[in-house]
Amino acid sequence: MTNPLESKSSFIRNSKKPALDTEERDLLARPRFSLRLHMLLVFILFSFLSMAIIIGSVIAINRIQKKLNFVQSSERYLFDIAQARRWEKNYFLYDTNLEDAVQSAGNAKSLLSQSLEKVITVLSAEETATVLKHLDQYIGLLQELTMLEKNNIKNADKKSEIETSLRQHGAEMVKVAAALVTKEQNSINAMLHLIQRIPIYCLAFALLLTFFASRFLSHRLIKPLNLLIESTQRIAKGDFSPVPPLCKYRGEFSAVEMAINQMCNELKSREVAMVESHKLRAIGTLTAGVAHELNNPLNNIMLTAHAMLEDHNDLSEDELLEMINDLINEADRSRSIVRNLLDFARESESVSEPLDLEALVSETIKLTLNQAKVSGAKIETQIQPDLPRIRGDKQQLKQVFLNLILNALDAVEKNGIVKINVKKADSPGFLAVQVEDNGCGIPAHILPNIFDPFFTTKGPGKGTGLGLSVSHGIITMHGGQISIETEKGKYTKFTVTLPFRTVPAVFNKT
Ligand code: ADP
């Protein structure tokens with residue numbers, strides 16, 4: 001993520017319109033996949049799942065119904081076989097019911113023929129063929145007995161042979177028919193068992209699907225929302241760089257993204273204008289002081305020039321030389337005062353150079369001396385000797401110290417004192433510039449806001465609310481920090497620390 005202050009600083013330096021067009025183009029180039037479509041997909045998935053469950057249940061119930069019908073037929077088949085066997089036994093015991101046995105066996109045969117296809121699926125084709133064979137042979141033997149009866153043939157051996165065969169085939173048929181019923185009942189039980197479990201499986205699957213769907217949706221919703229929150233917080237702190245891509249696809253969020261980027265663009269250009277107006281206000285404040293400052297050397301020049309004009313014949317060459325020297329010195333002083341102001345007012349690219357902090361602070365104080373006179377305040381300076389040089393942008397650092405001193409002068413009443421202290425900071429490798437005033441102090445409730453852009457407690461036309469925010473950006477860019485100590489109604493002390501050992505990374509590029 002872009003460092004907000006870095007981006008703010010580069011914006012201060014370049015004041016260029018950000019290339020949001022590219023961002024917009026990128027956004028529009030993304031494939032469209034809206035949130036609506038996401039929700040629709042999840043809805044379709046759930047609908048398919050419900051439909052699959054319903055269709056599956058209907059199919060399973062149908063199959064069970066068919067199986068039950070088949071079990072009923074099988075039981076009737078079993079009953080017919082058992083009945084035929086009972087009649088068969090009657091015949092051999094009492095010579096009765098042979099016709100009934102033939103009838104029952106015939107019924108069993110027709111039942112078996114009707115359900116043959118189904119029987120093949122339950123038993124194997126081989127087993128079915130065996131059942132049919134036994135049944136046919138059983139019926140054949142009964143018919144043979146009927147023939148013997150019809151023709152009144154009394155052949156005890158033949159009858160006994162037929163009886164043995166009948167028992168054999170009959171027993172086989174009953175065994176297979178019972179196996180058929182048991183198999184089908186087992187299969188129904190298995191299906192019922194499965195159907196009982198289907199709701200549990202469906203519930204587990206639905207829970208799993210809900211979990212993944214909610215994760216998927218929250219990924220698509222929560223992540224961009226969090227990014228939006230982060231971006232708006234960043235924007236609130238004054239970093240107007242474009243919002244990072246919220247999602248891979250173009251949808252509702254891209255529209256929000258584009259709107260925020262446009263807003264950032266707008267805010268950026270407004271901030272540029274505000275920074276300029278803040279600087280202009282500072283220049284306005286300083287001009288009065290400079291005019292006053294210029295008065296003294298110009299007066300001296302006038303006086304010396306008049307003296308030379310009037311007394312040039314009486315003056316010795318040495319005296320004349322001394323007066324000319326005075327003129328040059330005073331003119332030089334005037335030039336340096338004007339240059340100092342112009343230096344501050346000039347728009348320039350950021351330049352990193354070795355700087356003497358003492359000289360830089362002294363030049364800044366000079367710019368504010370007259371403002372101090374207007375406020376009736378006294379500026380006291382304390383500078384530790386032999387401080388190491390720092391690297392930085394002279395004009396930007398001047399702007400920072402100027403902001404702090406002017407704020408201090410605004411805060412003090414008549415006879416107030418603004419103390420400026422330049423020294424080595426407590427943390428090694430850093431120099432500190434402290435601007436302390438015994439003015440109104442800053443109430444605790446506004447303290448967290450004073451570095452926010454456009455935050456001001458000063459009346460209209462007096463404050464822009466950009467001084468501290470711009471200063472903070474500049475100092476951070478130089479690898480330093482601004483801290484503050486204050487007590488309402490007593491004092492405020494701003495401490496700016498700047499590194500003198502390391503060269504800030506941002507300046508390595510320049
Ligand atoms: P501006 O000076 O245009 O209001 P700044 O960003 O420089 O904007 O300051 C923001 C606010 O911080 C000021 O309006 C003031 O309320 C408070 N402030 C800054 N410096 C001081 C100070 N030395 N004493 C009291 N309040 C201060």
Side-chain angles (χ1 to χ4, degrees), residues 4-5 8-9 11-12 236-240 267 270-289 344 361 364-365 367-368 371-372 374-381 395-422 432-477 480-497:
L5 294 165
K8 185 194 291 179
S9 313
F11 142 66
I12 294 162
K237 285 189 184 138
D239 174 11
F240 303 135
L267 283 172
R270 279 179 197 204
E271 199 190 30
V272 172
M274 287 303 271
V275 172
E276 278 310 306
S277 85
H278 181 80
K279 196 168 173 181
L280 281 177
R281 192 178 75 85
I283 293 167
T285 312
L286 297 171
T287 312
F344 175 69
V361 172
T364 316
I365 293 170
L367 280 167
T368 61
Q371 186 61 26
V374 174
S375 313
K378 205 169 133 200
I379 296 185
E380 290 177 2
T381 316
Q395 229 201 312
Q396 288 187 355
L397 290 176
K398 248 189 192 178
Q399 189 174 350
V400 171
F401 300 129
L402 192 75
N403 285 337
L404 297 180
I405 300 170
L406 289 179
N407 274 348
L409 289 173
D410 276 348
V412 292
E413 291 177 355
K414 251 194 165 15
N415 301 323
I417 297 174
V418 176
K419 287 184 194 161
I420 297 161
N421 197 356
V422 185
V433 179
Q434 291 177 325
V435 180
E436 183 178 352
D437 65 76
N438 59 353
C440 56
I442 304 175
H445 70 278
I446 67 161
L447 206 53
N449 306 108
I450 57 166
F451 288 101
D452 292 349
F454 310 117
F455 176 85
T456 180
T457 54
K458 297 173 189 170
K462 288 190 175 163
T464 59
L466 284 170
L468 289 180
S469 115
V470 167
S471 303
H472 192 276
I474 293 172
I475 294 303
T476 311
M477 189 190 70
Q481 277 182 345
I482 301 187
S483 59
I484 176 167
E485 279 170 56
T486 182
E487 201 179 325
K488 198 181 164 211
K490 290 198 170 156
Y491 80 104
T492 303
K493 179 154 95 182
F494 280 93
T495 305
V496 174
T497 52

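Throughout, numbering of the chain's residues begins at 1 and tracks the sequence. Source: prediction; values computed, not measured. Both counts, for ligands and for their atoms, begin at 1 and track the order of listing. Values below: all heavy atoms of this structure, side chains included; hydrogens, waters and symmetry mates excluded.
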Closest to [atom] (judged by heavy-atom distance), picking from [options]:
atom: atom 4 (O) of ligand 1; options: V412, V470, T456; result: T456
atom: atom 12 (O) of ligand 1; options: T486, L404, L447, I450; result: I450
atom: atom 15 (C) of ligand 1; options: T457, N438, T492; result: T457

Using the side chain to side chain contact (heavy atoms under 4.5 Å, CB included) definition, which of the options T364, I405, D437, T368 pairs with I420? I405
Is the shortest N/O to N/O distance between L468 and ligand 1 below 3.5 Å? yes
Distance-only N or O hit between ligand 1 and D437, under 3.5 Å: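 Yes, there is a polar N/O contact under 3.5 Å.
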Within a distance under 4.0 Å of any heavy atom of [X], pick out the atoms of ligand 1 and give their elements.
X: G467; value: 5 (P), 6 (O), 7 (O), 8 (O)
X: F455; value: 10 (C)
X: A411; value: 22 (C), 24 (N), 25 (C)
X: G441; value: 25 (C)

Pairwise side-chain contact, [X] with [Y], heavy-atom cut-off 4.5 Å (strictly under):
X: I482; Y: F451; value: yes
X: E380; Y: V418; value: no
X: F401; Y: V496; value: yes
X: V412; Y: I417; value: no

Would I442 count as a contact residue for ligand 1, given that I'm defining contact as a non-hydrogen atom of the residue lying under 4.0 Å from a ligand atom?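 Distance cut 4.0 Å: I442 passes for ligand 1.
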F451 near ligand 1, heavy-atom distance under 4.0 Å?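 Flag not set, F451 not near ligand 1.
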Please confirm whether the backbone N or O of Y491 pairs with a side-chain atom of T486, one donor and one acceptor, at under 3.5 Å? yes
Determine, stepwise, if the pair F455 / L468 fulfils side-chain contact (heavy atoms from CB on, under 4.5 Å). CA-CA 9 Å; F455 176 85; L468 289 180; over 6 Å; no
Looking at residues at least two apart in the chain, or sitting in another chain, which of them share a side chain to side chain contact (heavy atoms under 4.5 Å, CB included) with T456?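 In terms of side chain to side chain contact (heavy atoms under 4.5 Å, CB included), with neighbours along the sequence ignored, T456 is linked to K458.
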